[in-house]
Structures are given as structure tokens and as C-alpha cells.
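Before any comments, here is the structure.
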Amino acid sequence: MAVGVGFLAKMLQALLVLPAFAAAYLVAGPSTLRRRVLDLALAAGAVVVSAGWYIALVELWPADARPYIGGSQHNSILELTLGYNGFGRLTGNETGGLGNLNHDVGWGRLFGFSMGADIGWLLPAALVCTVAGLVLTRRAPRTDPTRAALILWGGWLAVTAVVFSYMNGIVHPYYTVALAPAIAASVGIGATLLWRSRRDPRAVSAMAATVVVTVLLAAQLLSREADWLPWLRIVIVIAGVGGAALILANSRLGPRASLAVAGVALACCLAAPAAYTVVTAATPHSGAIPSVGPARTGGFGFPGGGFPGGGLLSSPTPRPDLTRVLAADADQFTWAAAVVGSNNAAGYQLAIDAPVMAIGGFNGTDPSPTLAQFVDDVAAGRIHYFVSGRLMTMGRAPASGSQESVAIRDWVAANFVAETVDGTVIYDLTESQPAHSSSQ
């Protein structure tokens, strides 16, 4: 049921955890195999009902009596669910989407410049701990809860990591937050099992190797921000490698010394992601796409990449004169202004505290409203201004939005006179005579 509710928020992404849930119950469930299979079938039905009722309701509702389904090209929630927000994210075939740069598709994406600092820090440790935990529990009873937990969290980690690494459609680094619970649980469970088996040379070797790999990876990720805490990567490598060496000598250490060594190793593994967490929380952010670490500049997904304070898909903040013009007589119109793209519309709407029409939906690529609908709204006096400008998405300005948004821009430019206010071109849709230019 909870997965179905999650589907209503993130659609197919919410289903990535289902294979792990099913595998854990099928392997470790307390009943007979036949009963476990039946229970899983009933659970699948519950997911369909809890996720599908809204899809069915919207699909059956008359299209002229509900809002346009943003993200689809044919006003269909099924198209949105299975296409733009569904399989299109995997294949890259997303009509109306602005696409993924696809420069980093592959197993290295989660450690690369676009996603590494978001989630890569403890990913190798989680993989080692999961495998080690499954080996250590291989002789446990079928219903052993620890092994069941490893199957669940390890499966969650594996499926989600593979999908994020190889998806060819729209993907943003912040999606990797879905991996965090699985990484945390896998490291916690596996590390505990390894520590309990620390008299076994194989377990000690696995712990030492995990520490070394983790601190070396942390140093590499930190080096991408070379001017930020340069001493940290040196300290964690020296102390971490030293701690790993002492872990290998664990049998010669007393209990207190062993705990001290484990504490140092743990601190070295967590120091870098903890520092990144603190600086992320302390750095002002803006826009629809959050980023991590200190404020960065550069292209999305490239060395030095990111945007200052997470400003990708930022909304505009109009200057005082433009705000005053757009807000004038706003209460006399259904929409004080219209602009391409919802992020643009959001910035103006917050500034003038009046409704602003988002032409083309989120990306400006939805065929809504149509040119005919827009012309009718203008003729009826429902829209005061049209704010010209290109929608900024994925760090670049596409040449155009949907055919409808392009047609609307062209129609406005052909029938109304541009006025420049605070460096922004606007059109007063209540008059088609030449307007006074007030470029500032």
C-alpha cells in the first residue's frame, strides 16, 4: 500500500524497491512456498489498487472538465505514467522531455562528476558489507531476519543503482537520495556482522579493504573541490590506511585498543560525507534541482559541474519596475501575465502575488494551451501581459518549446508591440498600438 502511495508521487521510480521486497519475502517468509507466492500476488494487487485508482479516475474523467496532464503530449495520464515519467526515463524516448546529456551512462555514473559527491562516498562499502553479510549468514535458517534484511536492502541498492547508472532519459543527481536508505542499512548490518567475526582473518581483511577503498574514494571526490578543505583528504587517507593496517593486526590488540582502532577507521570513513553534509546545509540554495557541497560553478555533470547554490531551473526574480508594471491592475485579469514554462511563471507569480499562466507546462514543451485557446483568452481580456524570453532548462536555453508555445510567441510578436522594462521584453495584450519603450 505504501509503495502504491509513493507511486502517486514519483510514479515508476517508487516501484524500484519492489523486486527487493518480493525477494526478501519469497526467500525468508515464515510460511510455505505456496503461501508466500500467494501473499506476494495479493501484495501486488494492493499496489495496483493503491497506485491505480487515481490513474483510472483521471483517465476516465472528461478531459474538458479537468486540467491538462502536464508532461504528456496528448493530455493522457497513461502517457505521462508510462512515457515521460516511466519507460522513457530508461530508454531516453521522452517526447516533450529535454533529455539527458548521456555523456556518463554506465557503471561509473554513480562515482562520476554528476553524481559521485551526492551518493558515491559509501557505495563500495555498502556493496562489500552486503556480500560479506550474505556469506556470513549463509548457514543461518531460511527465515533468519538478518539475512532477510540483507536481501531486502541489498536488492534495493542493486536494482536502484543499476537503473540510475544506465537510464538514458532525464536523470538528476538528487535522484540518488533513493539509494541512501539502502546504503545506510547495508553498511550498518554488514559492518556489525564483520565486527562480530573479527577473529576470522577473512572478516578482518574485508573490513580493512573496505576502509581503504572508502577513504581513497573520499579523497578522490574531495579533490574535485581542490580549494575546499584540502587538508581533509590528506588526513583521512593517512589515518584511514593506518587504521586499516591496525585492523589487520586486530588479533594482537586488546579489547580497548581494538575499539579505538575501529573508532578511528569509522571516523575516517564518515568524515568526508559528514563535512559535505554540513557545508550543503550551510550553503544557500535556489532553483528546482538541489546540489551538494560548497557552491560550484560550471556545466551540469562535468568537472567542476553544478550550479551556484543549486540554481538549476531557477525562477526569475523581476526587478522593481517590472514587478510594478506586471502587478498593475492584476486583480482585473484572470492571469496578470503569461510566460513559457512553470519555473518562469513561478518567479513572476511570487513577485507580483497574482496568477501567471505557465505556457507549455513545466518544460514549456506541453501543447497547452493551444494557440486558439490563448487567442480566445486574450480576446476575452483574461491575460494582461506576455513576458517574452527563453526557458532555461538543464543549463542551456533550447531554441524553442512546443509547437504551440512557439506559435503563441510568434502570434504575440506579430500582433502586439514589445516594451522593454528592466531589461525584460513584455507585451501588453490589451492594446496592439505601439507602446512606450522604457529600457533600463
Side-chain angles (χ1 to χ4, degrees), residues 110-113 115-133 149-150 153-154 156-157 160-161 173-174 176-198 203-250 253 255-283 290-294 296:
L110 295 178
F111 303 101
F113 285 98
M115 294 185 177
D118 291 76
I119 201 63
W121 310 93
L122 298 176
L123 187 54
L127 295 175
V128 172
C129 287
T130 298
V131 173
L150 286 167
W153 294 112
W156 176 327
L157 175 63
T160 307
Y174 80 89
T176 57
V177 70
L179 287 164
I183 290 176
S186 297
V187 170
I189 297 170
T192 299
L193 291 172
L194 285 169
W195 182 250
R196 290 174 180 171
S197 303
R198 60 187 179 276
V204 170
S205 299
M207 284 191 288
T210 301
V211 172
V212 171
V213 170
T214 300
V215 296
L216 291 179
L217 174 60
Q220 172 61 28
L221 294 175
L222 288 172
S223 69
R224 297 173 185 175
E225 298 288 348
D227 297 332
W228 181 74
L229 300 183
W231 56 267
L232 181 59
R233 59 180 181 270
I234 299 174
V235 170
I236 62 174
V237 168
I238 294 175
V241 172
L246 291 174
I247 288 174
L248 289 174
N250 178 72
L253 301 176
R256 291 184 179 180
S258 295
L259 288 175
V261 168
V264 170
L266 181 62
C268 291
C269 291
L270 299 180
Y276 244 63
T277 299
V278 172
V279 75
T280 298
T283 301
S291 65
V292 299
R296 294 176 289 171

*Side chains of Trp153 and Val187: does their closest heavy-atom pair fall under 4.5 Å?*
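Trp153 vs Val187: side chains apart.
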So, taking the atom named [atom1] in [X] and the one named [atom2] in [Y], what distance separates them when rounded to the nearest 0.5 Å?
{"X": "Asp118", "Y": "Ser291", "atom1": "CG", "atom2": "OG", "value": "8.0 Å"}
{"X": "Glu225", "Y": "Arg233", "atom1": "CD", "atom2": "CZ", "value": "10.5 Å"}
{"X": "Cys129", "Y": "Ile189", "atom1": "SG", "atom2": "CD1", "value": "10.0 Å"}

What heavy-atom pair brings [X] and [Y] nearest, and what distance separates the two atoms?
{"X": "Arg198", "Y": "Val204", "value": "O-CG2, 2.7 Å"}
{"X": "Leu248", "Y": "Ser205", "value": "CD2-CA, 4.0 Å"}
{"X": "Leu229", "Y": "Ala275", "value": "CD1-CB, 4.4 Å"}
{"X": "Gly133", "Y": "Leu150", "value": "C-CD1, 3.3 Å"}
{"X": "Gly154", "Y": "Thr130", "value": "CA-CG2, 3.9 Å"}
{"X": "Cys269", "Y": "Leu122", "value": "O-CD2, 3.9 Å"}

*Apply the test side-chain contact (heavy atoms from CB on, under 4.5 Å) to residues Trp195 and Leu259: give CA-CA distance (whole Å), side-chain angles for both, the deciding distance (0.1 Å), then the verdict.*
CA-CA 10 Å; Trp195 182 250; Leu259 288 175; 4.0 Å; yes
*Can you name the side chain to side chain contact (heavy atoms under 4.5 Å, CB included) partners of Thr160, sequence neighbours left out?*
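Side chain to side chain contact (heavy atoms under 4.5 Å, CB included) list for Thr160, sorted by chain: Leu16, Trp156, Phe164, Ala178, Leu179.
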*Hey, does the side chain of Ser186 reach the backbone of Ile183 with a donor-acceptor pair shorter than 3.5 angstrom?*
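Flag not set: sc Ser186 to bb Ile183 has no pair under 3.5 Å.
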Could you pull out every donor-acceptor pair under 3.5 Å between side chains of residues 211-222 and any protein atom, sequence neighbours left out?
{"from": "Thr214", "atom 1": "OG1", "to": "Thr210", "atom 2": "O", "distance (Å)": "2.7"}

_Taking ring pair (Phe, Tyr, Trp, His ring centres under 6.0 Å) as the cut-off, I'd like each qualifying pair that reaches into residues 225-245, sequence neighbours left out, listed once._
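Sorted result for residues 225-245: Trp228-Tyr276.
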